[in-house]
Amino acid sequence: TAYHSFFTIMDRHNMMPGSRQGVRNLKLDESRHIAYGVYLLSRLMSADPQVWNVVEKTMNSLLIPGLGVVSDFFSHYDPIPFDITQDELSAYAASQFQKRFDRVRRARTMTLAEIDKETQAIIDGSDS
């Protein structure tokens, strides 16, 4: 992924160690925020599967604007640094969306205990 490519290059050249650690911390913090949002939606889905209609519609309506952030990012650089491609970053963003979408969709048939267990595994880093 673009994220990993960037850090591979920075690590290989031992460039900006403090910034690399700061970005890693930001990534961890943001992933926990996302995990909580998915957890909340999953609990709502488990309690009332009819919520899925609203969740599905909302998530689908946000996918295109979310991918637009990638396009906007690339519009500010010429040339693009670190050999990152827009296609690579867009594919990564789409795959992250799909993982979260699938997790929420699965919650319709999960118990609260199963949702808690899955979320804890994600927070602990055994799943992404």
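Computation of the quantities below employed the complete heavy-atom set of this structure, encompassing side-chain atoms and omitting hydrogens, waters and symmetry-equivalent molecules.
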Colleague: With a 4.5 Å heavy-atom cut-off, do E56 and N60 have their side chains touching?
Modeller: yes

Colleague: Hey, does Y36 have a side-chain heavy atom less than 4.5 Å from the side chain of R32?
Modeller: no

Colleague: Are D72 and S75 packed together at the side-chain level, in the sense that at least one heavy-atom pair is separated by less than 4.5 angstrom?
Modeller: yes

Colleague: Verify, without hydrogens or angle tests, whether Q21 (side chain) and G18 (backbone) share a donor-acceptor contact under 3.5 angstrom.
Modeller: no

Colleague: Going through the distances and angles, do M45 and T109 end up as a side-chain contact (heavy atoms from CB on, under 4.5 Å)?
Modeller: CA-CA 8 Å; M45 296 293 302; T109 61; over 6 Å; no

Colleague: Are any of the side-chain nitrogens in E118 or R106 under 4.0 Å away from the carboxylate oxygens of its partner?
Modeller: yes

Colleague: So, for Y39 and T119, which heavy atoms are closest and what is the spacing to 0.1 Å?
Modeller: CD1-OG1, 3.2 Å

Colleague: Under 3.5 Å, side chain of R20 to main-chain N/O of M15, donor-acceptor pair present?
Modeller: yes

Colleague: Taking it one step at a time, do Q96 and Y92 satisfy side chain to side chain donor-acceptor pair (under 3.5 Å)?
Modeller: CA-CA 6 Å; Q96 292 296 339; Y92 175 74; 3.2 Å; yes

Colleague: Tell me the closest heavy-atom pair linking F101 and M59, and the distance in Å.
Modeller: CA-CE, 3.7 Å

Colleague: Considering only NZ, NE, NH1 and NH2 on the basic side and carboxylate oxygens on the acidic side, decide whether D102 and R105 come within less than 4.0 Å.
Modeller: yes

Colleague: Kindly indicate whether the side chain of S71, heavy atoms from C-beta on, has any atom under 4.5 Å from the side chain of Q86.
Modeller: yes

Colleague: Can you name the nearest heavy-atom pair linking V70 to A93, along with the distance?
Modeller: CG2-CB, 4.3 Å

